Amino acid sequence: MLNRFNYLLVFVFIWEASSFVSFAQTKPNIVIIYTDDLGFGDISANGAKKIKTPNIDRLAKEGLRFTNAYATAATCTPSRFSLLTGKYAWRKSGTNVAPGDAALIIPTNEETMPLMLQKAGYQTGVVGKWHLGLGPAGGPDWNADIKPGPLEIGFNYSFIMPATGDRVPCVYLENHRIVDLDPSDPIRVSYKEKIGNEPTGKENPELLKMNYSHGHDATIINGVSRIGWMSGGKKARWIDEDMADVFTNRALTFVEKNAKNPFFLYFATHDIHVPRVPHSRFVGKSGMGARGDAILQLDWSVGEILKTLDRLKITDETLIIFTSDNGAVVDDGYEDEAVEKLNGHTPSGILRGGKYSAFEGGTKVPMLVRWPSRVKTGSVSNALFSQIDFYASLAALTGRTTVAPDSFNSLNTLLGGKENREFIIQQAVNSRLGIIQGDWKYIPAGPGAAINKQVNIELGNDLKPQLYNLKKDASEKNNVAEQNPDIVNKLMKKLAEVRGE
Ligand code: NG6
Ligand code: CA
């Protein structure tokens, strides 16, 4: 017979066992591999024939491949802002492509996705591209503690490049400090005027190892001219050729260190953004110029992460999400032979437009999800999914609630279940919003160039409203707005409602 003490023991045993089970189910490690400017058609898992991405494809084979997943915006800063805050970037001014000396644009007094995961017991780390500003209003003092930044919005560890590869300062930041900064050679940065007396791309093009095609004519660092001017910090400057190795190694170290905790790694690769200056072991290997070589380098980085999870035997309890911050661009400002050597490759697949665009090529991106203990191997989902839902979905996964009204709990969709999203909002470069609902996509009428000639991308601007039936016309060839005034009206109203008008 069970006495009271035994009852207690049985109770404790059941409680322990159930918490163990729920721990195993709900606290997987989480890795978000956030690539830069990778187009829907850039991976062989999505049908690319001219390039092979075996490691990325492994995620598709062992997991779930989405065909209708969207970044929140067609450029980097707003997409990343939305990813980490669960809030549409267009609700907050100053969230468009940030200069390299911008102040931190994420408020430190609101919960973020990493902070939520920290509260759920995760060790949280960011490695790679930041591009969300740093420091107080007015921007950071690069020679002192640089904060607020990642550590103030919920990351336990940070190893980042401040903005982009093509923007100064060209240095790495570990937690609050620039790595290898010599105090006797302080860094100064300006986005207004030339600083110091180092050569620029504009004045000394003969010093460049790769010419710029547009913009990118200021300070030359490592033979590449950048956006913005910098002086000092000579010892701290990065070498573009080593960047993928540097970031990948930091990411692997973070994983190893935290293999026994639940951890969240936000691995934001620099690849395949410009300047594309891959390591010599990838140069010439794709036959497609620097852009293709950078894709191979990216694939290598993904492979290193997967191998490390295997070696540490934590593959089964790790949820990996692989996706991109915006769609594809070929010439984004440097003469790197990406255009000449494209060789019939279609970075956006069958989609119209690319990075910056209101067309599908702007925000419809590759997305692969692998979690061996929960997600069916080799599955494909055609459900609508928006990256803005990562926050609420991961909160649901880890037993937290969110304070991010734009972010919906789409965990079921994320793991291969049915569609949860009733609509998708797409933000193009000019902050014009588009909306997808059911089979339909609507882009409001408005001014602006039809095409950005520098990058050779159709932006999706039109003085007439546009309506496309994405089911029948995924390439947005036939604007059927005039034939369907009721649908236009309905989507217009829905968009106004989401905007809060
Ligand atoms: C543009 C840059 C482009 C790229 C982009 C941001 C010029 C002419 N073009 O302004 O090269 O840096 O900003 O890309 O300067 S993103 O992926 O970070 O959004
Ligand atoms: Ca980008």
Side-chain angles (χ1 to χ4, degrees), residues 32 34-37 69-100 102-116 126 129-134 137 148-150 152-154 160 162-164 167 266 268 273 323-327 329 353 355-365 367 385-394 402-408 410 421 423-436 443-444 446 448 459-460 494-501:
I32 297 183
Y34 211 48
T35 66
D36 201 350
D37 298 357
Y70 291 86
T72 0
T75 54
C76 164
T77 304
S79 273
R80 284 160 209 256
F81 176 89
S82 298
L83 176 84
L84 294 181
T85 64
K87 189 183 206 168
Y88 290 121
W90 41 266
R91 295 207 194 279
K92 190 177 174 354
S93 63
T95 55
N96 276 322
V97 178
L104 178 67
I105 63 172
I106 296 181
T108 53
N109 58 352
E110 288 169 22
E111 196 186 71
T112 61
M113 180 165 74
L115 187 60
M116 176 277 292
V126 51
K129 173 175 174 175
W130 184 240
H131 209 188
L132 293 162
L134 290 163
E152 285 66 39
I153 65 141
I160 56 172
T164 61
R167 283 175 175 74
Y266 169 45
H273 198 279
T323 188
S324 179
D325 68 337
N326 53 249
V329 56
K355 179 176 181 178
Y356 308 110
S357 179
F359 289 130
E360 293 286 278
T363 51
K364 189 191 265 198
V365 287
M367 185 163 129
F385 186 89
S386 168
Q387 291 175 5
I388 196 136
D389 289 348
F390 284 149
Y391 182 175
S393 306
L394 296 180
T402 53
V403 277
D406 293 328
S407 183
F408 300 160
S410 300
R421 269 265 149 201
F423 63 89
I424 298 275
I425 304 288
Q426 302 167 302
Q427 175 183 349
V429 66
N430 49 15
S431 287
R432 180 156 314 149
L433 303 184
I435 181 166
I436 299 172
I443 308 170
L459 296 177
K494 183 70 197 170
L495 186 55
E497 180 197 313
V498 178
R499 277 180 191 268
E501 281 158 2

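From a predicted model like this one, the values you see are computed outputs, not experimental measurements.
Checking side-chain atoms of Ser393 against main-chain N and O of Ser410 turns up a donor-acceptor pair under 3.5 Å. No side-chain donor-acceptor contact under 3.5 Å links Thr323 to the backbone of Tyr34. Between the side chain of Ser79 and the main chain of Ala73, a donor-acceptor pair closer than 3.5 Å is present. Of the possible donor and acceptor atoms, one in the side chain of Thr164 sits under 3.5 Å from a partner among the backbone N and O of Arg167. Judged by distance alone, with hydrogens and angles left aside, the side-chain atoms of Thr95 form a donor-acceptor pair with the main-chain N or O of Ala89 at under 3.5 Å. With hydrogens and angles ignored, the 3.5 Å screen pairs no side-chain donor or acceptor of Thr85 with any backbone N or O of Thr112. A donor-acceptor pair under 3.5 Å links the side-chain atoms of Thr77 to the main chain of His131, judged by distance alone. Not one N or O on the side chain of His273 forms a donor-acceptor pair closer than 3.5 Å with the backbone of Asp37.
Thr108 and Glu152 form no side-chain donor-acceptor contact under 3.5 Å, judged by distance and modelled atom types alone.
When all heavy atoms of Asn96 and Ser431 are compared, the closest pair comes out as ND2-OG, 3.4 Å. Considering all non-hydrogen atoms of both residues, Leu104 and Gly149 come closest at CD2-N, 4.1 Å.
In this structure the side chain of Tyr266 never reaches within 4.5 angstrom of the side chain of Ile160, judged on heavy atoms. Proximity of Thr72 to Ser386: side-chain heavy atoms (C-beta onward) are separated by under 4.5 Å at one or more points. Ile443 has its side chain within reach of Phe359: a pair of non-hydrogen atoms, C-beta onward, lies under 4.5 Å apart. Contact check for Pro444 versus Leu433: no side-chain heavy atoms found under the 4.5 Å cut-off.
Atom-to-atom distance recorded for Ile425:CD1 and Ile435:CD1 is 4.0 Å, nearest 0.5 angstrom. Within the model, atoms SG of Cys76 and CG of Leu132 stand 7.0 Å from one another, a figure rounded to the nearest 0.5 Å. Between the CD1 atom in Ile424 and the NZ atom in Lys364 there is a gap of 10.0 Å [rounded to 0.5 Å]. Thr363 OG1 to Ile436 CD1: the interatomic distance, rounded to the nearest 0.5 Å, is 6.5 Å. Interatomic distance, Arg432 CZ to Ser357 OG, rounded to the nearest 0.5 Å: 10.5 Å. Note that CD1 of Ile106 and CG of Leu84 are 5.0 Å apart. Values are rounded to the nearest 0.5 Å.
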**Asked** Would Val403 and Glu110 count as a side chain to side chain contact (heavy atoms under 4.5 Å, CB included) if you check the C-alpha gap in whole Å, the side-chain angles of each, and the deciding distance to 0.1 Å?
**Response** CA-CA 8 Å; Val403 277; Glu110 288 169 22; over 6 Å; no
Can you list the steps and then say if Trp90 with Phe81 is a side chain to side chain contact (heavy atoms under 4.5 Å, CB included)?
CA-CA 10 Å; Trp90 41 266; Phe81 176 89; over 6 Å; no
Could you walk me through whether Gln427 and Tyr88 pass side chain to side chain contact (heavy atoms under 4.5 Å, CB included), step by step?
CA-CA 9 Å; Gln427 175 183 349; Tyr88 290 121; 6.0 Å; no
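For Lys494, the side chain to side chain donor-acceptor pair (under 3.5 Å) criterion is met by Glu497, not counting sequence neighbours. Applying the side chain to side chain donor-acceptor pair (under 3.5 Å) criterion to Glu111, with sequence neighbours excluded, gives Lys119, Tyr391.
Remark: of the listed residues Arg91, Arg421, Lys92, Arg499, Arg91 is the sole one forming a salt bridge (charged side-chain N to carboxylate O under 4.0 Å, His left out) with Asp406.
Between Phe423 and Phe408, the two ring planes are perpendicular [angle over 60°; tilted spans 30° to 60°].
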